[in-house]
Amino acid sequence: MVNITDSDYRTISVRLPRQEFIKFDKLCKDTHSAKLRELINKEIKSNSKSNFLSGINKITYNKVNNSFSWLVKLDSGQETEILNNLSLEFLKNLQQDIQEAIKERNQWVHQTKDDSVGIPKDLVEGEK
């Protein structure tokens, strides 16, 4: 068991414009200190572990309302819906924009063949 004394604590203060203080005050269910502690701990936890998960995208078609849903199936098996009720036009536009972004990326990294992969330049020792 760890004994925490008053000398183990530090105080943090911040000056806020009046409007920001009013908004912050509305967020506080308990005290300002409790809310600040909660926000700080949440930020510390989010930065102490990876913000990335692995999985695959899934697009499903809903015949009842003639729309699409975008889901992500994580490697853990969990499936999460990202967006639903997407129109065909939305997906066509997204598909076009994805292809344009990939084309721009490939030009930037000088990838001219679809099946080639990125290789660190230092490994090739002067090859271009």
Side-chain angles (χ1 to χ4, degrees):
M1 184 172 172
V2 176
N3 292 327
I4 299 175
T5 65
D6 284 342
S7 64
D8 293 328
Y9 286 87
R10 298 294 179 262
T11 301
I12 297 174
S13 64
V14 62
R15 290 176 50 123
L16 294 173
R18 182 174 175 78
Q19 292 298 352
E20 287 181 18
F21 173 80
I22 291 169
K23 290 177 184 177
F24 179 73
D25 194 46
K26 289 179 183 177
L27 289 175
C28 299
K29 295 176 183 155
D30 197 6
T31 65
H32 293 149
S33 292
K35 186 63 175 179
L36 283 171
R37 197 173 304 112
E38 173 191 329
L39 292 169
I40 290 168
N41 284 327
K42 183 178 177 183
E43 187 67 21
I44 289 169
K45 285 178 186 175
S46 73
N47 285 317
S48 65
K49 55 185 168 182
S50 174
N51 289 324
F52 295 97
L53 299 171
S54 294
I56 58 169
N57 290 294
K58 289 177 61 178
I59 303 291
T60 61
Y61 177 63
N62 182 330
K63 295 174 187 169
V64 174
N65 64 6
N66 191 30
S67 69
F68 298 87
S69 293
W70 173 18
L71 302 105
V72 172
K73 184 172 183 181
L74 299 177
D75 289 352
S76 66
Q78 177 186 349
E79 199 168 89
T80 302
E81 185 175 73
I82 305 299
L83 293 170
N84 64 19
N85 202 26
L86 302 171
S87 68
L88 176 61
E89 293 75 21
F90 175 86
L91 287 182
K92 285 181 176 180
N93 179 261
L94 180 61
Q95 183 179 32
Q96 182 180 352
D97 280 358
I98 289 170
Q99 291 303 321
E100 286 297 318
I102 290 171
K103 182 179 173 184
E104 181 180 351
R105 178 253 179 212
N106 290 347
Q107 289 173 344
W108 176 253
V109 299
H110 307 288
Q111 181 177 346
T112 58
K113 297 179 181 177
D114 289 339
D115 61 345
S116 65
V117 296
I119 299 170
K121 202 174 192 178
D122 294 344
L123 290 179
V124 185
E125 298 181 342
E127 294 288 327
K128 302 217 178 188

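Position 1 is the first residue of the sequence; numbering continues from there. These numbers come from a predicted model, not from an experiment.
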**Q** Is there a path of hydrophobic side-chain contacts, each under 4.5 Å between heavy atoms, that joins Tyr9 and Leu36?
**A** no
**Q** Tell me whether Glu38 is salt-bridged to Lys35, with the criterion being a basic N under 4.0 Å from an acidic carboxylate O.
**A** yes
**Q** Between atom CD of Gln99 and atom CD of Gln96, what is the distance when rounded to the nearest 0.5 Å?
**A** 9.5 Å
**Q** More than 12 heavy atoms of other residues, nucleotides or ligands under 6.0 Å from CG of Asp114: is that the case?
**A** no
**Q** Specify the closest pair of heavy atoms between Ser69 and Asn85, including all atoms of both residues, with the distance to one decimal.
**A** OG-N, 4.3 Å
**Q** Atom CD in Glu104, atom CD in Gln107: separation rounded to 0.5 Å?
**A** 7.5 Å
**Q** Got a second to check how far Leu94's CG is from Ile59's CD1, nearest 0.5 Å?
**A** 7.5 Å
**Q** Honestly curious: do Ile22 and Val14 fall in one hydrophobic cluster under the side-chain, below-4.5 Å linking rule?
**A** no
**Q** Quick one, Trp70 and Leu91 - any side-chain contact, counting heavy atoms below 4.5 Å?
**A** no
**Q** Just how far is it from atom CD1 of Ile12 to atom CZ of Arg37, taken to the nearest 0.5 Å?
**A** 10.0 Å
**Q** Can you give me the closest heavy-atom contact between His32 and Cys28, atom names plus distance?
**A** CD2-SG, 3.4 Å
**Q** Checking side chain to side chain contact (heavy atoms under 4.5 Å, CB included) against Tyr61, which of Asn66, Leu88, Leu86 comes through?
**A** Asn66
**Q** Roughly how far apart are Leu39 CG and Leu27 CG, rounded to 0.5 Å?
**A** 7.5 Å
**Q** Linking I/L/V/M/F/W/Y whenever any side-chain heavy atoms sit under 4.5 Å apart, do Ile40 and Leu16 land together?
**A** no
**Q** To the nearest 0.5 Å, what is the distance between CD1 on Ile119 and CD on Gln111?
**A** 10.0 Å
**Q** Between Ile82, Ile56, Thr60, which is the residue that forms a side chain to side chain contact (heavy atoms under 4.5 Å, CB included) with Leu71?
**A** Thr60
**Q** Between Leu123 and Val109, is there a shared hydrophobic cluster once you connect ILVMFWY residues whose side-chain heavy atoms come closer than 4.5 Å?
**A** no
